[in-house]
Protein chains: 2
Amino acid sequence: MDLNERKLKVLQAIISDFVATAEPVGSRTLTRKYDLGFSPATIRNEMADLEEMGYLTHPHTSAGRIPSEKAYRLYVNELMKKQELTKAEKNAISSQLMANFDELDKTIEHAAHILSEITQLTAFAMTPRKEQDIIKYIRLLPVDEHTVVLMIVSESGKISNQSLRIAQGYQEETLDMLSKSFTYSYKGKTLNEAIKMNIIRDFESDIEMMRLVQDNVMPHLMRTFEDMLNINLYLDGYSNIFDLPEYSDISRARMFLNMLNQKDVMTDELIRRGEGLKITIGDENDSADMKDCSLITATYHIDGKLVGKIGVIGPTRMKYSKITSVIEYLTDNLNNAFTLPGGQNDKEKER
Amino acid sequence: MDLNERKLKVLQAIISDFVATAEPVGSRTLTRKYDLGFSPATIRNEMADLEEMGYLTHPHTSAGRIPSEKAYRLYVNELMKKQELTKAEKNAISSQLMANFDELDKTIEHAAHILSEITQLTAFAMTPRKEQDIIKYIRLLPVDEHTVVLMIVSESGKISNQSLRIAQGYQEETLDMLSKSFTYSYKGKTLNEAIKMNIIRDFESDIEMMRLVQDNVMPHLMRTFEDMLNINLYLDGYSNIFDLPEYSDISRARMFLNMLNQKDVMTDELIRRGEGLKITIGDENDSADMKDCSLITATYHIDGKLVGKIGVIGPTRMKYSKITSVIEYLTDNLNNAFTLPGGQNDKEKER
DNA sequence: GTTAGCACTCACAAGTGCTGAGTGCTAATA
DNA sequence: TATTAGCACTCAGCACTTGTGAGTGCTAAC
């Protein structure tokens with residue numbers, strides 16, 4: 001028994017209908033709604049075959065058919081046609097994204113917001129892994145007698161600062177010297193390399209300075225390097241799930257929301273996924289909590305190097321085609337924005 | 001008919017029981033659980049009186065009694081006794097708070113987390129309104145040929161930075177000059193004042209410089225001032241509501257979550273509330289969405305000046321006494337931390 | 001090979017009856 | 001006179017029943 005033309009046609013119709021309505025699809029409904037050209041009885045036969053082949057399931061004897069995960073996989077791989085976005089949709093995405101183009105992290109967060117608005121699902125966006133981010137310079141700046149700001153600028157445009165307290169006070173010249181010394185040591189190093197370096201001995205010649213560095217500055221410097229490595233995960237539109245019949249059961253809604261709350265689980269799952277557009281359906285997901293969800297994710301790049309991820313999560317019944325298009329368009333926009341010379345401040349140019 | 005001793009005793013028992021169980025309280029249950037010293041029939045009579053006086057309601061004829069909002073108000077004003085936290089609880093709060101004492105905003109966010117963990121409700125924390133925050137200095141720092149970091153440090157310890165692009169390039173000396181000039185002009189001014197100032201004419205003598213400032217720097221400077229004024233609202237523990245029978249109905253849970261999602265509504269509501277500890281019960285809340293919730297909020301201060309808010313939101317049935325104590329202790333901690341010399345970096349001292 | 005017809009299935013909604021926790025009222029009691 | 005025991009009554013919640021409609025699989029006719 002093979003998947004002939006007609007079977008595919010029936011399967012496609014069932015998937016369309018079920019994605020739209022979330023109700024099991026019966027043979028009669030199918031003939032009424034779609035002009036397939038054969039009777040309910042024929043469709044019933046085809047349905048029985050499709051079920052045997054594993055593409056459909058049956059919640060109970062007298063209910064209609066539901067596409068299985070295998071059916072969605074087939075649909076995504078073969079049946080799904082690319083759904084071009086309308087000009088209006090594209091404009092909406094681009095303009096909204098550009099209207100909020102400040103800091104790297106804010107932009108990513110905003111992209112997740114746009115995505116959830118358009119797809120009406122829960123969207124997430126992960127900032128890049130910054131292992132490869134290269135330190136540009138480090139500076140210590142005076143604030144008051146006991147407070148100093150530590151500022152680290154990296155190539156990705158990520159700027160980090162932290163104020164730190166120096167109980168015994170300090171000289172401004174010392175700060176300048178330290179700034180130069182740190183920049184000299186760390187410039188051109190990746191964050192990962194920086195964390196592993198030990199530069200304390202550079203200050204051995206001056207015991208007082210060494211103590212200052214060791215006790216006051218170094219711990220903060222290391223912590224800030226680590227902070228910069230951190231991956232941030234932004235979620236948006238979690239309450240959209242209440243519009244989906246899949247989550248009309250409170251315990252399922254709750255489980256879903258709890259899953260989202262475990263940011264580390266989510267982050268791990270996302271990190272594991274490869275580059276480019278990835279669609280995982282139900283059981284294909286590694287994490288047990290996601291076994292009845294589908295994820296569509298894509299990667300965006302900053303200067304072609306650092307890689308972040310963005311995507312949506314929802315029930316396996318989702319508009320794979322439309323969502324895929326939206327995500328692709330969104331990541332294209334992000335890539336462009338983050339890659340043009342001048343990076344994140346490119347908005348200036350357009351003025 | 002007045003609220004004699006016995007009526008208060010009965011009311012108190014009903015409130016305790018209902019807060020604990022969320023079930024309407026019957027006269028027999030009451031005698032069984034609490035050793036009140038009179039029979040169910042007597043209690044029934046008292047209950048009928050209390051109901052007539054507006055302190056109790058009746059979901060239906062054959063159900064037990066439920067405290068009205070008026071009853072909670074009476075309880076909060078008169079009956080509630082201060083519930084001291086145990087040493088262990090206090091330690092838990094202090095140590096958790098101190099363990100995460102980096103940047104101002106992060107600390108506030110973390111405080112909300114702690115609060116939601118302890119109360120098992122949804123907690124929120126609002127960063128201070130920074131109208132009164134005073135600018136300490138402004139600096140422009142070179143990143144690469146076309147990129148400059150603009151850094152503003154304020155007295156509250158809030159540091160803001162933004163990278164900006166200067167298409168035509170720049171000289172390092174220019175940046176130094178501008179840093180000095182900006183600091184000279186803005187130092188000691190509040191953010192509000194700074195936004196209203198116009199310092200462009202200070203550069204009139206040098207047309208090229210003036211253009212640079214006007215076109216490239218000023219817009220960012222103003223935007224950053226405005227960003228610094230922004231109030232951030234952090235929410236934590238929204239999914240705790242799923243443990244409350246009040247929200248076992250999905251549509252109520254949804255409404256609650258939607259309300260939380262409207263950050264501007266929440267922020268407005270919080271801003272309107274006065275200083276110190278405030279408890280609003282049900283209908284006392286201004287916002288329509290909160291008419292069946294209670295809010296307990298308190299204010300914390302930074303250097304005795306800037307005022308932020310922290311609190312919890314939940315059903316009117318909540319442990320007013322316990323929660324009040326927790327919030328008071330938490331704000332005390334925040335106040336201390338933010339007021340000691342050296343402010344947010346005080347952790348250093350303890351090492 | 002396709003389709004009409006038919007018996008069968010089952011979730012769901014509406015209706016029924018029972019139970020238990022509650023009430024209000026009245027009469028007896030301390 | 002205030003309190004309490006007793007009793008009839010109420011009603012949500014649960015279990016159970018029944019009817020309906022949308023679905024199925026199978027068989028026989030086209």
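Lettering follows sequence order; numbering is per chain, from 1.
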Please report the distance, rounded to the nearest Å, between [atom1] in [X] and [atom2] in [N].
X: Arg6(B); N: dA2(D); atom1: CZ; atom2: C1'; result: 8 Å
X: Asn45(B); N: dC25(C); atom1: CG; atom2: P; result: 9 Å
X: Lys9(B); N: dT3(D); atom1: NZ; atom2: P; result: 12 Å
X: Ile43(A); N: dC26(D); atom1: CD1; atom2: P; result: 18 Å
X: Ile66(B); N: dA21(C); atom1: CD1; atom2: C1'; result: 14 Å
X: Arg65(A); N: dG23(D); atom1: CZ; atom2: C1'; result: 9 Å
X: Leu36(B); N: dA2(D); atom1: CG; atom2: P; result: 20 Å
X: Phe38(B); N: dA5(D); atom1: CZ; atom2: P; result: 14 Å

Taking the ring of Tyr72(A) and the ring of Tyr320(A), is the distance between their centroids below 6.0 Å?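 When the ring centroids of Tyr320(A) and Tyr72(A) are compared, they turn out to be within the sub-6.0 Å range.
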Electrostatic pair [X]:[Y] at N-O distance under 4.0 angstrom:
X: Glu84(B); Y: Lys90(B); answer: yes
X: Glu328(B); Y: Lys82(B); answer: yes
X: Glu246(B); Y: Arg317(B); answer: yes

Is it the case that the base of dG6(D) and the side chain of Arg44(B) share a donor-acceptor contact (distance under 3.5 Å, atom types as modelled)?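 Answer is yes: a donor-acceptor pair is held.
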Any N or O donor-acceptor pair under 3.5 Å from the base of dT10(D) to the side chain of Thr61(B)? no
Side chain of [X], heavy atoms from C-beta onward: which of [options] has the nearest atom to it?
X: Met47(A); options: dT24(D), dG22(C), dT4(D); value: dT24(D)
X: Ser62(A); options: dT3(C), dC10(C), dT24(D); value: dC10(C)
X: His60(B); options: dG25(D), dC25(C), dC11(D); value: dC11(D)

Go through the side-chain N and O atoms of Asn285(B) and Ser287(B) and say whether any donor and acceptor fall under 3.5 Å apart.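 Short answer, no.
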Taking the nucleotide of DNA chain D with the nearest heavy atom to each, does Ala63(B) or His58(A) sit closer to the 5' end?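 It is Ala63(B) whose nearest nucleotide is closer to the 5' end.
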Using heavy atoms to find the nearest nucleotide of DNA chain D for Ser27(A) and Ser39(B) separately, return the residue whose nucleotide is more 5′. Ser39(B)
Any Arg28(B) side-chain N or O less than 4.0 Å from OP1/OP2 of dT23(C):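 Negative; the distance criterion is not met.
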Within the pair Thr42(A) and dT3(C), is there a side-chain N or O less than 4.0 Å away from OP1 or OP2? yes
By the 4.0 Å heavy-atom rule, please label Ala41(B) as base, sugar-phosphate, or nothing. base
